[in-house]
Amino acid sequence: MSIRTRFAPSPTGYLHVGGARTALFNWLFARQQGGSFVLRIEDTDKERNTDEARLAIFEGMSWLGMDWDEGPDKGGEFGPYYQSERNEIYNRYFEQLVRADRVYEEDGAWRFRFERKTVTMHDLVCGEVTIDYRDESNTPDMVVKRSDGSYVFHFVNVVDDLEMKISHVIRGEDHLMNTPKHLQLIEAFGCSAPAYAHIPLILNADGSKMSKRDEGAAVGDYQKQGYLPAAVTNFLALLGWNPKTEDEVFSVSELIERFSLEQVNRAPARFDIEKCQWMNQQHLAKLGDEEFAAAARPLVEAAGLALGDQFERIAAAVKAKVRLLSEVPAAIDFILTDTFDLDEEALEKVNNNADIAPILDGLADQFDAITDWSADAAKQALNEFAEAKQTKPGKLMFPLRVALSGRGHGPDLGDILTLLGKQRCLKRLRSFVSKLKST
RNA sequence: GACCCGUUCGUCUAGCGGUCUAGGACUCCGCCCUUUCACGGCGGCAACACGGGUUCGAGUCCCGUACGGGUCGCCA
């Protein structure tokens, strides 16, 4: 029996992180088991479907690195993979229900007649769950075909999973109560059911249900804010699943290797953006300089900054210092351009030392005397100067940092000195001194 | 309301009857490293929802209560 999983979103909005995580669990499981991962678009709600939403699904999936073996634009043995194109198949299955007298008409719609008995499912995550269908008030016969002739979700979803030979249905817990309905339908078709695994939902930080519109709900936003797909994947995987080790930072292939449905939790998890950012920082730090520069480039360009020919080195100087790639432009703008803001707080800190202006002025002279500029040469000059002034070099480094970069945080001072070069350092130092005097 | 599922630090979680004076991670705080900024290292604060059982022994099993989530559509 081959392992086949699927992700079956409906194109009615952007790709939601909850949906992405469902897709991820299916994808990880399929990849680990050497099975197939199918993408099926459930576009039966003509009113709400949009092309934009359909594209957002493809883009989100691709960005996160979840490739599908069968699906739209890819084809496969069990297509078509848009439900809107599968009507003949549904008609066939519906006829079967008619012949077996399992459906009846009501107001033009067709209802499926449940068997009035208890239905037990064996969920891979939730365990054994029994629902009593003898209680008719709680489980009214469900509509499978609308009065306009179209089929509803429960029907098409079940038919497609059967037709596409899906072996494991991994979906959100919001479908748990639907499963006995699906089981009854499958039984009526005389087929055997796939295995089910219902994974807990993702909640907002305050514990409320996470839905569209909520902060951090759209996968596309993570891309815009400069998250690495591998970091988001890693974070999402750890929400409701644990790898049984104390490590938390995993590459995608490590996740595939370790994933297991048995280790999926049953309680819903809250979405903690702080930890997600930390995770991103961890993944960012593991990148090579070249990779990091390539990942940061589009965001720096989008900020309207000219890259210059030293971009890779400049970007590398802040690699271990940012949590999000979107922080990169503001972290290096003072190197790429000469017009940048002076941080008031940092300036105030420097001004706390009333005697600093003449000292920095003297340091500028010292720098000016350097013929062969380098970070080491500049630091040596700084040391000698500090000694002459009977102060510690460390005392001068923060003011120098602020003078050169306009802020208190940033790349290593040595990197700043090198990347800026002698002339720009001198100019900034002098102009900063004049600002100090005038304050 | 009915029916399901759940409940360990603020958050993500380890724990599957004794090894738990409950472990790890994020956040926060302190120290160290760093002549600067970070990274990093070390340490600290902080949890078994509550009440009954079962048991020699319960965070771990059972039952209630409370709380949270889900589902009750001709949406998916």
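Order of the sequence lines fixes the chain letters, A, B, ..., with proteins taken first and strands second; residue numbering starts at 1 for each chain. Values below: all heavy atoms of this structure, side chains included; hydrogens, waters and symmetry mates excluded.
The partner of B:C31 is B:G41, judged by Watson-Crick or G-U wobble contacts that both fall below 3.5 Å. Across all strands shown, B:C3 forms a Watson-Crick or G-U wobble pair, both distances under 3.5 Å, with B:G70. Nucleotide B:A14 has no partner under the Watson-Crick or G-U criteria, as no pair reaches both atom distances under 3.5 Å. Using the Watson-Crick or G-U wobble rule with both distances under 3.5 Å, B:A22 pairs with nothing in any strand shown. B:C9 makes up no base pair with any nucleotide shown, lacking Watson-Crick or G-U wobble contacts both under 3.5 Å. Across every strand in view, B:U65 sits in a pair with B:A49 that passes the Watson-Crick or G-U test at under 3.5 angstrom.
For A:S137 and B:A2, the shortest distance from a side-chain N or O to OP1 or OP2 is not below 4.0 Å. Neither OP1 nor OP2 of B:A2 sits under 4.0 Å from any side-chain N or O of A:N138. In terms of phosphate contacts, A:Q282 brings a side-chain nitrogen or oxygen within less than 4.0 Å of OP1 or OP2 of B:G40. The phosphate of B:G6 has OP1 or OP2 within less than 4.0 Å of a side-chain N or O from A:R266. The shortest distance between the side-chain N/O atoms of A:R171 and the OP1/OP2 oxygens of B:G70 is not below 4.0 Å. Note on A:R111: a side-chain N or O is less than 4.0 Å away from OP1 or OP2 of B:C74.
Closest to the side chain of A:M177, out of B:C4, B:G6, B:A76, is B:C4. The nucleotide whose nearest atom lies closest to any side-chain atom of A:E173 is, among B:C74, B:A76, B:G70, B:G70. Of the listed nucleotides (B:A76, B:C39, B:C37), B:C37 has the atom at the smallest distance from the side chain of A:K321. Checked against B:G69, B:G70, B:C26, the side chain of A:D174 finds its nearest nucleotide in B:G70. Set against B:C26, B:U13, B:U35, the side chain of A:E274 has B:C26 as its closest nucleotide. When distances run from any side-chain atom of A:T44 to the nucleotides B:U7, B:A76, B:C3, the shortest one goes to B:A76.
Of the possible polar contacts, none joining the A:S147 side chain to the A:A109 backbone as a donor-acceptor pair under 3.5 Å is found. Here the side chain of A:D132 pairs a donor or acceptor atom with the backbone of A:R134 at under 3.5 angstrom.
Backbone-only contact: A:N265 has heavy atoms under 4.0 Å from sugar-phosphate atoms and none from a base. A:Q263 comes within 4.0 angstrom of nothing in the nucleic acid, heavy atoms only. Among the heavy atoms of the strands lying under 4.0 Å from A:A269 are primed sugar atoms or P, OP1, OP2 only; no base atom is included.
Counting to the nearest Å, the P atom of B:U35 and the CG atom of A:L382 are 12 Å from each other. Between the NZ atom of A:K275 and the P atom of B:U13 there is a distance of 9 Å, given to the nearest Å. Atom CG of A:N204 and atom P of B:U11 are 14 Å apart (whole Å). In this structure, A:L203 places its CG atom 7 Å from P of B:G69, rounding to the nearest Å. A:D206 places its CG atom 12 Å from the P atom of B:C12, with the value rounded to the nearest Å. Between the CE atom of A:M279 and the P atom of B:A25 there is a distance of 13 Å, given to the nearest Å. Between the CG atom of A:L287 and the P atom of B:C39 there is a distance of 18 Å, given to the nearest Å. A:R40 has its CZ atom 13 Å from the P atom of B:A76, to the nearest Å.
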Does A:L239 form a side-chain contact (heavy atoms from CB on, under 4.5 Å) with A:R270? I'd like the steps, not just the answer. CA-CA 8 Å; A:L239 232 43; A:R270 299 182 189 207; over 6 Å; no

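Between A:V143 and A:K379, the one whose closest nucleotide on RNA chain B sits nearer the 5' end is A:K379.
Cation-pi geometry between A:R313 and A:F311 is not satisfied (NZ or CZ under 6.0 Å from the ring centre, within 45° of the ring normal).
Checked against the 6.0 Å centroid threshold, A:F153 and A:F155 do not count as a close aromatic pair.
For the P atoms, the distance from B:C16 to B:U21 is 14 Å, rounded to whole Å. Using C1' as the reference atom, B:C42 and B:G6 are 37 Å apart when rounded to the nearest Å.
Checked for salt-bridge contact, A:R6 and A:E70 miss the test: no charged N lies under 4.0 Å from a carboxylate O. With respect to the salt-bridge test (charged N to carboxylate O, under 4.0 angstrom), the residues A:D333 and A:R407 qualify.
Within 3.5 Å, a donor on the side chain of A:N383 pairs with an acceptor on the base of B:U35, or the reverse.
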